[in-house]
Amino acid sequence: MVKYDPKKVEAKWKERWEKNNTDGVDLDGAKNPFYNLMMFPYPSAEGLHVGNVFAFVGSDIQGRYRRLKGFDVFEPMGFDAFGMHSENFALKIGRHPADMVPKNIEHFREDQLKKMGLMLNWEHQVDTTNPNYYRFTQWMFVTLYKNGFAYKAKGQVNWCPSCKTVLAKEQVIDDRCERCSSLVEKRDMEQWYFKTTYFAEELLEALDSLDWSERTKIAQRQWIGKSLGADVTFQVEGGEEFTIFTTRPDTLFGATYMVFSPEHPLLDTITTEENLKALEEYRRQAQAISETERQNEKREKTGVFTGAYAINPVNGRRVPIWAADYVLMGYGTGAIMAVPAHDIRDHEFAKKFSLPIIQVVSSPIGTPDIQLEAYTGEGNLMNSGPFDGLPAKTEGSKQIVESLAKDNKAQFKTNYRLRDWCVSRQRYWGPPIPIIYCDKCGIVPVPEADLPVLLPYLEDFKPDGSGVSPLHRDKEFYHTTCPQCGSKAHRETDVSDNFLCSAWYFYRYPSTDFPDIPFDATRTKKWLPVDLYVGGNEHAVLHLLYSRWLCRALHSIGLIDFAEPYKKFVAHGIIVKDGAKMSKSKGNIINPDDYVKEFGADSFRLYLMFMGTYLEGGDFRDGGVKGMKGFLDRLWAVSSPQFAPLTYELPLGPETQYFLHSTIKAVGQDIERFSYNTALAHIMELVNHLTKNKIRSQEIASVLARLLSPFAPHISEEIWESLGFSTSVFTAKWPEYDEEKLIRPEVEYVVQINGKLRDRIQLAVGLTPEEIDPLVLQSPVVTKWLEGKEIVKKIYVPDKLINFVVK
RNA sequence: GCGAGAGUGGCGGAAUUGGUAGACGCACUGGCCUUAGGAGCCAGCGGCCGCAAGGUCAUAGGGGUUCAAAUCCCCUCUCUCGCACCA
């Protein structure tokens, strides 16, 4: 009688799997390829986070399950090791990232990931800081540049004063830096951009047909932020024309003033002498506010009059032009027509500065006075000359725009909230942007043959906040010659955003053995797009959007033949500890190693999957892992020949048959819908049934080993081997259930009187109502409840329920 | 403010299409075994009444539809997430 010893069993199989390359796959020979991708981690010095393990195990279950279902599963892993996270940590502890990162990776891989029982294919590991990798990250940059998808431009950017670099819009969350939570400032700087907006419409539209978690799609839709409207041209009285964007062209007759964003360049020329001072003061204020106190969302509206007037093209009406910071330079044209009667913000502003409010859309009876509250609902046009009476938002909009379009004063326009991706960073720990500035030729991309542009080892890599990157201080790096004309030149010293490294890593995995090209055409054709991608939803508008965009760019350049990188994306949930978010300051961080050491990886995996809903997250409680160890002990006791001999020929009773086959069915279905907690509950029920009835069967044990193998690979493998199989359980076939065994000869009927449960009766399957009635009426309980009552209706749910409605 | 989702025992969570609410597990209680137990096994475990059989209430709160509602509809409250002066 051998007791289950996770330490011994897990060590044995870890070694065996490595020796036999059980987790490997023949990339070229695979007949039934399945690319199972999980989001690669950044190898922090703190080690693997339990959230990572949770994500990986849930993904690994899919990979292992697909393998038993007959797929050739490719499940690679890598390290997203460039970026501010690693660099900031290195700065904090006074070390160099280039010295730390390899050790961190080693620790992640050897001490942690390899002990979690993940079916990872380590032959195709990726490390974004390896020159053999970032060489191709730079190649991506150059390729995008050559094809018009990258450009350099001056404009307002988000600047993190603590990280001392610019950030992409996606990396600013509630006006704070995604990495360090400092308040982000606005600065005017020249930066590199990728044209993400070029594919705005396609990225949006393709979402509808993607098999992705709905919440991820919603986040992307919202972020792309499409709005339909019109550009309308106004004229400054006695001056030039300007364009505004509006989603409500139907309300043009109600425009009683105009608002320009404080940064709008036209303000310089139109503002009258006597208003100039006030404007300048206001601009200063607006700048200061945007830098610090923007959080105060319920701020009162502010603004200044410019002294200038505009002419409304629909009616020639003269309306004042104001400057106010509730209009943003970064959206639309940076200028709006204000219709206080039908826009809440305009209404607020108009009231404060006593500007006229003219209603142009009729509202149903009962709506409050338009002078007190804006009306934004549906209605018909009024006070709108020839357009009176038209349904405002639909026909009204259409006809007004069309009438103005004749004189080129308006056109239908679609606006997106999405901005181009600002990709340059004034930091050290990233792939240098492969661009050379030549005195004669201007911007010259580094020729492919010269890649990689190696990141030099800088002793002092600290960002100085000047907006110029640390690499600028390395004169040897900085000064170079032009690859085109040989003249004196210098290198770009910004590095690219870490999200560029991760936007293409999954193309690299299958092709890591091709040193000279980023990805091999044949391998890519065979393995991509990714079949299943599991990861956190926090990347919805970051990594997931960037990588979708890059895929479209590569597709349009003609480098790949698909436009979407991931066929299916599943967003997993977030783990909390005792109902609270884990954080270092709270001291409630879970260290996976401790649990693996004490109870084994299988128990830890099992608990992570059992404690909650994979797609929504769970609440980690101490004690839970121990509970899973107890379950594995019970499993061992009923299914391992090492514990006690199994019976081979004893026929299984119908009840057990039913249990067995319904479990097979349920577990398969649950895995496919990522309902791991219920899949495990079903397996536990089966084990409980066996324990209770002292059933130890070879047949059942072989099923159990396979059902549990995606969740707890080590113990499953051990049981499988003890059953006499000479090859890995992962070369076996997923068990199939027999529909016939799912039919039970007798079922328990629920008898209800007026919808209330009164009795349960065992009856044969498939009885007709006529057959059921006399049997049910034999029940003393039922007759008692029916006594003196009249049955007015009978409801029958086959093989399940009878309900008598009585009076 | 807009959008999405959620609210079920002491706790984590179950409940494919409306059809036995609380599966499975944790914790707890009692018993057995034991020199001992942070081991194992057996039993109990939503509230109230009851020795029990059973009854009755119960899925955030309030209404409704239905023979039947955690599930569908309306209203209210609370929480989580995403977006947010986006014209």
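Below, chain A is the first sequence line, B the second, and so on; all start at residue 1.
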Assigned partner base of [N], Watson-Crick or wobble definition, under 3.5 Å:
N: B:C85; answer: none
N: B:U66; answer: none
N: B:A53; answer: none
N: B:U80; answer: B:A4
N: B:C41; answer: B:G31
N: B:G9; answer: none

For the side chain of [X] and the backbone of [Y], is there at least one donor-acceptor N/O pair under 3.5 Å apart?
X: A:Ser261; Y: A:Ala335; result: no
X: A:Tyr595; Y: A:Ile590; result: no
X: A:Arg758; Y: A:Gln752; result: no
X: A:Arg605; Y: A:Ala712; result: no
X: A:His342; Y: A:Val361; result: yes

Any idea which of [options] is nearest the [X] side chain?
X: A:Asn688; options: B:G25, B:A87, B:C81; result: B:G25
X: A:Asp325; options: B:C85, B:G25, B:A84; result: B:C85
X: A:Val797; options: B:C24, B:G19, B:A87; result: B:G19

- Starting from the 5' end of RNA chain B, give me the residue, A:Trp223 or A:Ile795, whose nearest nucleotide shows up first.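 Its nucleotide being nearer the 5' end, the pick is A:Ile795.
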- Message: On RNA chain B, does the nearest nucleotide to A:Val541 precede the nearest nucleotide to A:Met329 from the 5' side, or the other way round? Give the residue.
- Response: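 Here A:Val541 is the residue nearer the 5' end.
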- Any chance you could list the contact pattern along nucleotides 3-14 of chain B? Use B for base contacts, S for sugar-phosphate-only contacts and - for none, protein heavy atoms under 4.0 Å, 5' to 3'. -S------SBSS
Euclidean distance for [atom1], [N] against [M] (whole angstrom):
N: B:G13; M: B:A70; atom1: C1'; value: 14 Å
N: B:C41; M: B:C73; atom1: P; value: 46 Å
N: B:C48; M: B:U35; atom1: C1'; value: 45 Å
N: B:A14; M: B:G7; atom1: C1'; value: 16 Å
N: B:C51; M: B:G40; atom1: C1'; value: 33 Å
N: B:C67; M: B:A23; atom1: C1'; value: 27 Å
N: B:G9; M: B:A58; atom1: P; value: 14 Å
N: B:U8; M: B:G61; atom1: C1'; value: 14 Å

- Query: Using the glycosidic torsion, which applies to B:G44: syn (within 90° of 0) or anti (everything else)?
  - Reply: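 Anti, angle beyond 90° from zero.
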Looking for any heavy atom pair under 4.0 Å, which part of the strands does [X] touch: base, sugar-phosphate only, or nothing?
X: A:Val750; result: base
X: A:Gln752; result: base
X: A:Gly627; result: sugar-phosphate
X: A:Glu748; result: base

Establish, with yes or no, whether the OP1 or OP2 oxygen of [N] is under 4.0 angstrom from a side-chain nitrogen or oxygen of [X].
X: A:Lys793; N: B:C67; result: yes
X: A:Asn803; N: B:U66; result: no
X: A:Arg758; N: B:G55; result: yes

For the residue pair [X] and [Y], establish whether any side-chain heavy-atom pair is separated by less than 4.5 Å.
X: A:Phe604; Y: A:Asp594; result: no
X: A:Leu167; Y: A:Cys422; result: no
X: A:Ile683; Y: A:Phe631; result: yes
X: A:Leu615; Y: A:His572; result: no
X: A:Ile575; Y: A:Met611; result: yes

Filtered N/O pairs between nucleotides 36-46 of chain B and protein, under 3.5 Å:
unit_1: B:G38; atom_1: N2; unit_2: A:Glu598; atom_2: OE2; d: 3.3

- Message: Tell me which one of A:Asn754, A:Val776, A:Val792, A:Ile795 satisfies side-chain contact (heavy atoms from CB on, under 4.5 Å) with A:Phe804.
- Response: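 Answer to the side-chain contact (heavy atoms from CB on, under 4.5 Å) test with A:Phe804 among A:Asn754, A:Val776, A:Val792, A:Ile795: A:Val776.
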- Message: Any N or O donor-acceptor pair under 3.5 Å from the base of B:C85 to the side chain of A:Lys301?
- Response: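 Pair found.
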For [X] and [N], what is the distance between atoms [atom1] and [atom2] respectively, to the nearest whole Å?
X: A:Leu615; N: B:C81; atom1: CG; atom2: P; answer: 18 Å
X: A:Glu538; N: B:U80; atom1: CD; atom2: P; answer: 18 Å
X: A:Asp346; N: B:A87; atom1: CG; atom2: P; answer: 12 Å
X: A:Leu252; N: B:A87; atom1: CG; atom2: P; answer: 16 Å

Does NZ or CZ of [X] lie under 6.0 Å from the centre of the six-membered ring of [Y], at an angle within 45° of the ring axis?
X: A:Arg548; Y: A:Trp212; result: yes
X: A:Lys169; Y: A:Trp223; result: yes
X: A:Lys577; Y: A:Phe620; result: no

Polar atom pairs between nucleotides 48-53 of chain B and protein, under 3.5 Å, N or O only, would you list them?
none

